[in-house]
Amino acid sequence: MPARAILDACALVLRPRSYRWCAAVLFALALAAYLLTLPAAYTGGTIGPRALRYLNAELAFFAVALALLLSLTLTLNVYALRASMRHRGAGLGAAAVLASVVPSSLCCTSLVPSLLAALGASTPQIFGLAGRIQGTVARYEALFLVAALLLLLGSLDLAARSVVGSCGSPEGGVCDVQTR
Amino acid sequence: MSKPDEPRDRAGRRGRGGRASRSRAVSYGAALVAAVLAAFAAYGFLGSRAATAEVKIGAPAPDLTFTTIDGKVHRLAEFRGRPVMLWLFATWCPSCQAGTAAVADHLAELAGLQIIQLKLYDDLGYPGPSIREFARAYVRPGQGSPAWLWGDASKALSYTYDPKGYPDIYFLIDRQGIVRAISGAPSTAIPQIVAFARGAR
């Protein structure tokens with residue numbers, strides 16, 4: 001069961017205080033980044049405190065959930081690296097981070113139109129294609145964020161299975177990792 | 001035969017097996033990039049150019065037409081003698097929604113400024129709500145003003161003022177019809193727009 005592997009891995013990895021601090025710091029940094037980035041679709045791509053006034057309940061939920069999953073995934077991967085384990089899920093994690101920032105970076109910014117213009121598209125071509133791309137991203141913003149959540153969950157599951165598979169149960173963990 | 005200390009690839013293989021899979025990945029990646037470029041070329045992107053922007057800061061604003069929601073056709077030159085904010089937007093665009101609400105909240109500070117908010121030609125190619133539905137959603141009752149016109153930009157106006165197809169772009173034009181600022185996302189630029197409105201009185 002994926003949930004069992006994740007819970008076992010978190011119980012093992014977060015037992016030492018150093019890893020709890022690691023997870024907490026990563027969570028705070030990721031949360032700050034998501035809180036400032038996710039509402040950027042409402043500011044034309046401007047990231048910063050000005051975007052915070054456009055943070056709504058839905059975006060706040062996604063910011064917390066994404067930050068939680070990302071910080072746990074990274075902490076498990078740090079643990080796996082220090083224990084010289086084969087760490088998995090990095091590709092999924094990177095894809096998840098990319099999916100989570102697509103709505104705020106693509107929609108209503110100059111990125112897509114400028115890219116099309118740089119590729120040599122004419123104005124009528126840009127008018128048709130840029131709008132379709134950005135309009136689709138704007139309409140299905142929530143789906144992109146749900147996809148990012150699922151990808152992060154998959155990445156966390158892979159990282160958890162690596163840890164549990166190599167170290168055994170939380171009670172009988174035998175990984176050669178310094179603990180305090 | 002691979003050596004014991006030779007690093008493994010992502011599938012855990014060493015030696016020629018690992019190198020072969022890396023080569024395959026590079027080949028697939030190169031083929032994908034080539035296919036994308038070929039698609040762009042077939043679609044006619046390469047070799048053509050977006051229209052050169054005719055609107056520049058410090059230059060006169062091109063005098064083109066638009067149609068207000070009551071069906072009247074206007075020319076931009078009709079509004080010489082007062083400062084104008086010409087705002088081109090798409091009705092599906094989140095920053096346009098936020099900008100409209102922000103302008104509505106600061107309308108008193110923008111007294112004297114003629115706001116002309118026009119939906120881009122064909123809503124930039126993606127179907128969104130009508131202008132009336134959009135205005136009803138983001139401008140509360142009592143927040144409107146006779147100095148805030150809504151309408152549709154003609155194709156010529158859209159292509160001339162926004163050749164790169166930005167979904168949210170505005171122009172601040174002074175009383176003499178000279179463009180003084182070009183920017184996007186008014187939701188983040190209300191202080192600058194207020195300063196322009198006050199300075200132009």
Side-chain angles (χ1 to χ4, degrees), chain A residues 38-56 58-59 86-92 103-142 158 162, chain B residues 8 10-12 36-37 39-41 43-54 89-102 105 120-128 153 155-156 158-170 183-191:
Chain A
L38 291 186
Y42 296 95
T43 58
T46 303
I47 294 170
R50 269 190 284 194
L52 283 174
R53 66 181 298 225
Y54 297 105
L55 193 68
N56 53 34
E58 182 184 301
L59 290 178
R86 196 168 136 219
H87 53 287
R88 297 152 64 194
L92 271 184
S104 54
S105 57
L106 282 193
C107 179
C108 311
T109 67
S110 60
L111 185 62
V112 172
S114 296
L115 183 64
L116 292 174
L119 287 170
S122 65
T123 295
Q125 287 167 333
I126 295 172
F127 260 67
L129 196 49
R132 262 179 250 142
I133 294 171
Q134 295 183 88
T136 304
V137 169
R139 177 175 278 185
Y140 298 108
E141 178 186 25
L158 285 175
S162 293
Chain B
R8 293 176 189 271
R10 288 176 62 84
V36 167
L37 284 174
F40 277 134
Y43 199 63
F45 278 11
L46 298 177
S48 61
R49 284 278 175 267
T52 307
E54 294 185 25
F89 78 111
T91 59
W92 45 259
C93 154
S95 71
C96 310
Q97 297 159 7
T100 300
D105 287 342
L120 283 159
Y121 174 70
D122 200 26
D123 222 353
L124 212 54
Y126 189 81
K155 188 196 281 193
S158 300
Y159 284 7
T160 301
Y161 277 86
D162 191 14
K164 288 193 178 171
Y166 298 147
D168 186 4
I169 183 169
Y170 68 89
S183 190
S187 56
T188 61
I190 291 294

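The sequence lines fix the lettering, A, B, ..., with proteins before strands; numbering per chain opens at 1.
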Visitor: Of all of B:Ala101, B:Gly128, B:Ser158, which one pairs up most often with chain A through heavy atoms under 4.5 Å apart?
Guide: B:Ser158
Visitor: Against chain A, work out which of B:Pro94, B:Pro167, B:Cys96 has the most heavy-atom pairs shorter than 4.5 Å and name it.
Guide: B:Pro94
Visitor: Who wins among A:Ala40, A:Gly128, A:Ala41, A:Ala138 for the most heavy-atom pairs under 4.5 Å with chain B?
Guide: A:Ala41
Visitor: Using only non-hydrogen atoms and a strict under-4.5 angstrom cutoff, which residues of residues 183-190 of chain B touch chain A?
Guide: B:Ala185, B:Ser187, B:Thr188
Visitor: Which one, A:Ser114, A:Pro124, A:Ala51, A:Gly45, leads in non-hydrogen pairs under 4.5 Å with chain B?
Guide: A:Pro124
Visitor: Taking all non-hydrogen atoms of both residues, which atom of B:Pro127 and which atom of A:Arg139 are closest, and how far apart?
Guide: O-NH2, 3.9 Å
Visitor: Looking only at heavy atoms, which two atoms of B:Ala98 and A:Tyr54 are closest? And how far apart?
Guide: CB-CE2, 3.4 Å
Visitor: Would you call the rings of B:Tyr121 and A:Phe127 parallel, tilted or perpendicular, where under 30° means parallel and over 60° means perpendicular?
Guide: tilted
Visitor: Is it the side chain or the backbone of B:Leu120 that comes within 4.5 Å of chain A heavy atoms, both, or neither?
Guide: side chain
Visitor: Which bit of A:Pro39 is near chain B, if near means a heavy-atom gap under 4.5 Å: side chain, backbone, both or neither?
Guide: neither
Visitor: Please report the closest heavy-atom contact between B:Gly165 and A:Ala130, naming both atoms and the distance.
Guide: O-CB, 4.5 Å
Visitor: Over all heavy atoms of both residues, which pair between A:Tyr140 and B:Tyr126 is shortest? Give the atoms and the distance, please.
Guide: CE1-OH, 4.4 Å
Visitor: Report the distance from atom OH of A:Tyr42 to atom SG of B:Cys93, rounding to the nearest 0.5 Å.
Guide: 10.5 Å
Visitor: Shortest non-hydrogen contact from A:Gly44 to B:Ser95?
Guide: N-CB, 3.5 Å
Visitor: Just verifying a value: how many Å separate A:Gln134 CD and B:Tyr166 OH, rounded to the nearest 0.5 Å?
Guide: 10.5 Å
Visitor: With a 4.5 angstrom heavy-atom cut-off, could you sort out which part of A:Thr46 is near chain B: side chain, backbone, both or neither?
Guide: side chain
